[in-house]
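The structure presented is a predicted model; accordingly, all values stated were derived computationally and were not measured.
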Amino acid sequence: MRIILAMLVAALLSAPVAAEWAVAESNQFRVYARGSEENVARRAQLLEQFDQLLRRYTGVPAERAAPKLDVFMLRNSAEVQRLSGRPLIAGIYVASPSGICVFGVDKERGFYATTTLHEYVHHFMLQHAATAYPRWFAEAFAEYFMTAEFAGSVAKIGVLQKGRVRTLQRMDWMAWDDLLRGDVSSEDFWVFYPQSWILLHYIYQDAGRTAQLADYLAAVANGGDPVTAFSAAFSASPEAFGDEVRRYFLEKRIPYRKLTLPPGYFRAAAIETRTLPDSSDDILPRFAMLNCGLGDPQRHLRVIRRNAEDRDDGYARARLAQAEALAGDTAIAIKSLSAMVAAEPDNPDHSYFLGRAYSRRAHEEGFDIDADHRTARTHYARANRLRPNHVPTLFYHVHDGDAYRGESERALMRLALELAPQVVPVATTLALSLALIGEWEEAEAVLAPAANNPHAADDSWSRRLIEHIRARDIDIRYARGGGGSGGGENLGPRER
């Protein structure tokens, strides 16, 4: 027995220890997960396969590229909720000027695995067809595709989820008017997702209804009331149409759709993997949340500081300096990042975050706002040369100059909007700049998807701005008082 135990201990000691986090980078994703490189590579491969399915179904060309999406796979829903400060969720999608991110739970099967796909559907819709979607449709479309199953070249979509069906069986359904308008009370929260799903599932079962849905979505995107537009498109009141949906559900024959594609359609993606040091354990998810604008920034900063002190390596030092640039001591950030730029002049992150530190310091008491903004722009310009088409670099470079006047700034925002149409502050910045030179029609077209979004509050910056644009009533004083320095609203976070 002692010999066997000794052999087991020796085997454990000699076995390679998996790093805390591994990263898999594919054509469209950077996926982060704890554990082995094989584990994270499988996650990236599934996302690439799922993207191919969405492109096939929606007609988005395979060659249409987009900036890589950062996907962070956390241990469980409790970690997602604790770090983000958002209870009762299993996944989040957020698109902000500083980052577009998905946070999910690291599971290969079941509800949590489909939740990550749910969040990616939100990204896909807004990346490739950015418009003002009704809330119920945005969630239903994600629900419809997230249960996709793959077997060779065959894909099943619209597969039901038992938990969703049980909810519809046991809970009172929402009023259809409330569902269409996205007025979801705390009592209705749990039924909103499955009820939206069964509505879309019923529509997609018939080609005529699917065509009517396209008319409805176009009307909402153009600013129409979601309830009125629904009645007009489907030639029925929401209540009458809802009765049909309920009968469809009660028949208990909810079919999935089966797509048989050419052999080899789902191509294996080229994936590169690497491991991160053990210091990444708590630092990586905290920094990701901080950078994407989720959770308590000061709490994230405290955890990063504490861990960086305990584990003093290159990864920890870089993340600490970047966190200080975003939410901490700008003097420490500038000193640390300046040294990193000198040591690694070809690293775009060092220059980008040094720019962010100067951007923040410009608004601190005792510093020269114009001088610090000029210095920030030099670092953003270097970062852009090293890494072109990085939306956060483009956005903050513009906002540290005269964001609303220069043609070069408008060119940068047009590029940023093309790369990330779902980031609302990019659209508001460009629209305001266009309005100030009298390009009213283009300004309205740029801003319409954000302003017409049913999720936006009636007094949101985008809606107030488009009212002024339509009234031809804009001046630079209004610009400085509204969404200046990249304010305004971000898209998201979208939660599930």
Check this for me: does any side-chain nitrogen of one of [X] and [Y] sit under 4.0 Å from a carboxylate oxygen of the other?
X: Arg42; Y: Glu108; answer: yes
X: Arg43; Y: Asp106; answer: yes
X: Arg267; Y: Glu48; answer: no
X: Glu442; Y: Arg414; answer: yes

Quick one: are [X] and [Y] in side-chain contact, heavy atoms under 4.5 Å?
X: Met125; Y: Tyr120; answer: no
X: Val121; Y: Tyr93; answer: no
X: Pro392; Y: Tyr352; answer: yes
X: Arg257; Y: Gln205; answer: yes
X: Tyr216; Y: Pro226; answer: yes
X: Leu179; Y: Val184; answer: no
X: Leu180; Y: Trp136; answer: yes
X: Asn291; Y: Phe353; answer: yes

[X]-[Y] side chain donor-acceptor pair, cut-off 3.5 Å:
X: Gln28; Y: Asp51; result: yes
X: Gln322; Y: His350; result: no
X: Glu139; Y: His122; result: yes
X: Asp188; Y: Ser185; result: yes

| task | Compute the centroid of each ring, for Tyr57 and then for Phe145, and state whether the two points are separated by less than 6.0 Å. | result |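 When the ring centroids of Tyr57 and Phe145 are compared, they turn out to be within the sub-6.0 Å range.
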If you count the non-hydrogen atoms of other residues, nucleotides and ligands that lie under 6.0 Å from [atom1] in [X], is the total more than 12?
X: Arg299; atom1: CZ; result: no
X: Asp172; atom1: CG; result: no
X: Glu272; atom1: CD; result: no
X: Lys68; atom1: NZ; result: yes
X: Arg64; atom1: CZ; result: yes

Heavy-atom pair of closest approach, residues [X] and [Y]:
X: Asp70; Y: Arg30; answer: OD1-NE, 2.8 Å
X: Ala221; Y: Thr131; answer: CB-OG1, 3.2 Å
X: Val80; Y: Gly104; answer: CG2-O, 4.0 Å
X: Arg34; Y: Asp282; answer: NH2-OD1, 4.5 Å
X: Ile157; Y: Tyr256; answer: O-CB, 3.3 Å
X: Ala308; Y: Ile283; answer: N-CD1, 4.0 Å

Ignoring hydrogens and geometry, is there a side-chain-to-backbone donor-acceptor pair from [X] to [Y] under 3.5 Å?
X: Thr228; Y: Gly224; value: no
X: His201; Y: Gly158; value: yes
X: Thr147; Y: Val159; value: yes
X: Asn307; Y: Val303; value: yes
X: Arg463; Y: Ala451; value: yes
X: Glu119; Y: Val102; value: no
X: Gln45; Y: Ala269; value: yes
X: Trp173; Y: Val191; value: no
X: Thr114; Y: Phe111; value: yes
X: Thr210; Y: Ile203; value: yes

[atom1] of [X] to [atom2] of [Y]: how many Å apart, nearest 0.5 Å?
X: Ser231; Y: Asp177; atom1: OG; atom2: CG; result: 7.5 Å
X: Met174; Y: Phe189; atom1: CE; atom2: CZ; result: 11.5 Å
X: Leu386; Y: Asn347; atom1: CG; atom2: CG; result: 8.0 Å
X: Leu69; Y: Leu47; atom1: CG; atom2: CG; result: 8.0 Å
X: Leu46; Y: Ser26; atom1: CG; atom2: OG; result: 11.0 Å
X: Trp21; Y: Asp278; atom1: CH2; atom2: CG; result: 13.0 Å

Could you tell me if [X] sits above the aromatic ring of [Y], with its cationic atom closer than 6.0 Å to the ring centre and no more than 45 degrees from the axis?
X: Arg209; Y: Tyr204; answer: no
X: Arg164; Y: Tyr193; answer: no
X: Arg135; Y: Phe192; answer: yes

| Working for ring pair (Phe, Tyr, Trp, His ring centres under 6.0 Å), residues Trp197 and Tyr202 | CA-CA 9 Å; Trp197 164 77; Tyr202 174 69; over 10 Å; no
| task | Show your reasoning for whether side-chain contact (heavy atoms from CB on, under 4.5 Å) applies to Glu244 and Tyr248. | result | CA-CA 6 Å; Glu244 296 178 23; Tyr248 173 74; over 6 Å; no
| message | Which residue in the set Arg319, Arg286, Arg75 passes salt bridge (charged side-chain N to carboxylate O under 4.0 Å, His left out) when paired with Asp281? | response | Arg75
| said: Working note: His300 + Phe287, criterion ring pair (Phe, Tyr, Trp, His ring centres under 6.0 Å); need CA distance, chi angles, decisive distance, verdict. | reply: CA-CA 7 Å; His300 295 325; Phe287 182 80; 9.8 Å; no
